[in-house]
Amino acid sequence: MTAVASNTTLQTRLFINGEFVDAKSGQTFATINPATEEKIADVASGGAEDVDAAVKAARAQMEPASEWQKMKPRDRAKIMWRLADMLMSRAEEIGRIETIDNGKPIFESQYVDTPAAAECLYYFAGWSGKVTGDTVPVQDNAFAYTLREPVGVVGAITPWNFPLMLAVWKIAPALATGNTVISKPASNTALSLLKFAEYARECGLPAGVLNVVPGRGSVVGNAIVDHPGVDTIAFTGSVEVGRELMARAAKTLKKVTLELGGKSPNVVLADADLDAASKGALNAIFYGKGEVCAAGSRLLVEESVHDDLMSRVIDRANKMVAADPLHPKTRLGAIVSKEQMETVLRYIESGKKEGAKLVAGGERADIGTGKGYFVKPTIFDDVDPKMKIAREEIFGPVLATIRFKDVEDAIAKANATNFGLAAAVWTRDISKAHRVARAIKAGTVWINTYNLYDPALPFGGFKESGFGRDQGRDALEKYTQTKSVWINL
Ligand code: NAP
């Protein structure tokens with residue numbers, strides 16, 4: 001079994017009503033370290049009866065006389081702030097847990113993802129008590145105002161690529177606005193969120209306000225979606241599951257928000273700083289092993305600078321070597337699971353078969369242990385936009401490079417996708433930058449950078465990348481509802 005640091009206790013049981021408990025069925029599932037293929041621990045596998053217990057606890061804290069509803073918004077904020085401080089001071093502990101469970105480099109989990117989760121809590125703590133209604137002029141002899149009330153019990157269902165951070169993107173705004181949460185982590189990566197629940201309890205979050213129920217998507221996920229005591233579903237994950245979940249939520253008429261996949265274009269115009277663009281192209285696709293919803297998985301390059309840019313990109317990619325995710329210098333870790341690695345390798349084979357030119361990687365990587373689900377940074381050149389590797393989300397370290405003739409061609413190719421999550425454009429021409437940013441149908445467009453996020457800036461999709469926004473003031477919309485009050489004078 002893979003060991004964590006000797007002074008760390010893993011939480012492996014469901015967190016319901018402030019307690020860590022076994023699943024009522026007694027069932028567990030094994031969670032594996034993808035870098036070593038060893039079992040880390042057995043995690044309690046929840047069922048519908050556990051979801052029901054979590055809903056009861058969460059609903060109790062939505063009662064007007066409950067501790068959570070009676071708590072001043074500023075005191076809620078203080079708990080969130082303490083929790084953010086705790087994440088920062090224990091970033092190494094929770095970062096290591098994330099790394100052994102997910103395979104991502106410790107550099108990312110300890111120094112990027114955990115601080116980003118903390119920043120999200122700090123940011124939304126600031127909103128607590130500041131989400132206000134309006135006084136509204138209506139007819140004579142009346143006075144009217146609106147209240148922004150919590151939606152109620154939030155079902156937060158999240159994926160395995162940023163297990164802690166993406167869950168916190170939902171938990172933080174939900175708590176700031178007085179809701180309670182049932183959080184279902186992905187089965188591959190439940191450990192960091194369970195640890196977070198332990199921290200939350202230590203910071204004084206009342207029992208029942210946050211519940212964490214790991215277990216199979218088709219069991220726990222469905223039970224959350226079906227439960228009449230859950231008021232809204234905040235989902236991040238694949239298009240397929242998002243679609244199924246939305247149809248299912250129609251039965252109980254639940255409000256649903258979906259943060260789904262992407263096939264994001266990273267557009268390099270001929271006048272760009274090619275050195276910066278080549279670095280950016282690598283960060284765009286190989287950060288997080290390419291298991292990033294916003295990954296710049298389509299590199300669109302203007303014909304006239306194609307050869308120059310590609311020689312820089314390939315050179316950099318060949319220097320990027322997969323290694324032990326726990327080593328502080330590692331920048332390319334292990335793919336999250338054997339199943340996901342096989343999916344990635346199948347896409348690589350399909351690229352080869354369809355005639356794309358493989359110019360880097362293209363196979364598994366061995367870090368010297370003969371173990372682990374590592375894949376070399378892979379780059380295909382001369383990809384036809386009709387090929388599968390140009391159309392489908394691979395969710396791994398595989399880049400598809402496509403040439404374009406001019407700005408109009410770039411915009412057309414960038415938009416030739418069902419997705420619309422993110423995009424970037426590299427250029428020194430400010431007018432072209434704004435023109436492309438406006439024309440690309442995506443929720444986020446970076447100019448001369450990639451993969452930068454801030455809790456104050458909304459993030460979410462256009463088209464099949466979903467609807468609703470995490471982060472920023474927009475996220476508050478998901479977790480509040482407006483009540484109009486009319487007073488007859
Ligand atoms: P997934 O298979 O859709 O799973 C996401 C979550 O849904 C997991 O917790 C999963 O549980 C659960 N689930 C599975 N089937 C379910 C069902 N029938 N009902 C309710 N819940 C169910 O996605 P993934 O493979 O974990 O993550 C990768 C996907 O997430 C990619 O498409 C990526 O682009 C997307 N993503 C989007 C964003 C964004 O902000 N737009 C961010 C990150 C990732 P189990 O793990 O138990 O199956």
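Each ligand, and each atom within it, is numbered from 1 in the order the structure gives.
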Does the structure place the NZ or CZ of [X] under 6.0 Å from the centre of the six-membered ring of [Y], at an angle of no more than 45° from the ring's axis?
| X | Y | answer |
| --- | --- | --- |
| R331 | F107 | yes |
| K463 | F419 | no |
| R473 | W127 | no |
| K104 | F162 | yes |

Go through the steps to decide whether K24 and E49 satisfy the test salt bridge (charged side-chain N to carboxylate O under 4.0 Å, His left out), and finish with yes or no.
-> CA-CA 7 Å; K24 290 207 164 78; E49 60 285 9; over 6 Å; no
Any non-hydrogen atom of [X] lying under 4.0 Å from ligand 1?
| X | value |
| --- | --- |
| A294 | no |
| F459 | yes |
| V225 | no |
| P214 | no |
| F235 | yes |

Protein heavy atoms: any of them under 4.0 Å from atom 4 (O) of ligand 1?
->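 Neighbour list for atom 4 (O) of ligand 1 is empty of protein heavy atoms (cut-off 4.0 Å).
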Measure from [atom] to every heavy atom in [options] and give the option owning the shortest one.
| atom | options | value |
| --- | --- | --- |
| atom 9 (O) of ligand 1 | T158, V241, V239 | T158 |
| atom 38 (C) of ligand 1 | S45, C293, A249 | C293 |
| atom 11 (O) of ligand 1 | R243, K184, R248, R216 | K184 |
| atom 1 (P) of ligand 1 | S238, A156, G221 | S238 |

Salt bridge (charged side-chain N to carboxylate O under 4.0 Å, His left out) evaluation trace for D231 with K254 = CA-CA 6 Å; D231 298 288; K254 278 191 184 68; over 6 Å; no
Chi angles and distances behind the salt bridge (charged side-chain N to carboxylate O under 4.0 Å, His left out) call for E349, K352 | CA-CA 5 Å; E349 284 318 302; K352 290 179 191 164; 3.0 Å; yes
Look at [atom] and say which protein heavy atom is nearest, naming residue and atom and giving the distance to 0.1 Å.
| atom | result |
| --- | --- |
| atom 37 (C) of ligand 1 | L260 O, 3.0 Å |
| atom 46 (O) of ligand 1 | S187 N, 2.8 Å |
| atom 14 (C) of ligand 1 | G217 CA, 3.6 Å |

For D381, side-chain contact (heavy atoms from CB on, under 4.5 Å) partners two or more places apart |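 H306, M310, K357, V359, T401.
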Looking only at N/O atoms, are W169 and ligand 1 under 3.5 Å apart anywhere?
->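 Among all N and O atoms of W169, none is under 3.5 Å from an N or O of ligand 1.
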Looking only at distance, does N161 have an N or O less than 3.5 Å from an N or O of ligand 1?
->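 No: no nitrogen or oxygen of N161 is under 3.5 Å from one in ligand 1.
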Using modelled atom types only, decide if a donor and an acceptor are shared between the side chain of R148 and the backbone of T480 within a distance under 3.5 Å.
->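 No, because the side chain of R148 does not come within donor-acceptor range (under 3.5 Å) of the backbone of T480.
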Please could you name the atoms of ligand 1 that T236 approaches to less than 4.0 Å, counting only its heavy atoms?
->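 Those of ligand 1 that fall under 4.0 Å from T236 are 5 (C), 36 (N), 37 (C), 38 (C), 39 (C), 40 (O), 42 (C), 43 (C), 44 (C).
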Answer yes if the ring centres of W169 and Y123 are under 6.0 angstrom apart, and no otherwise.
->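 No, too far apart.
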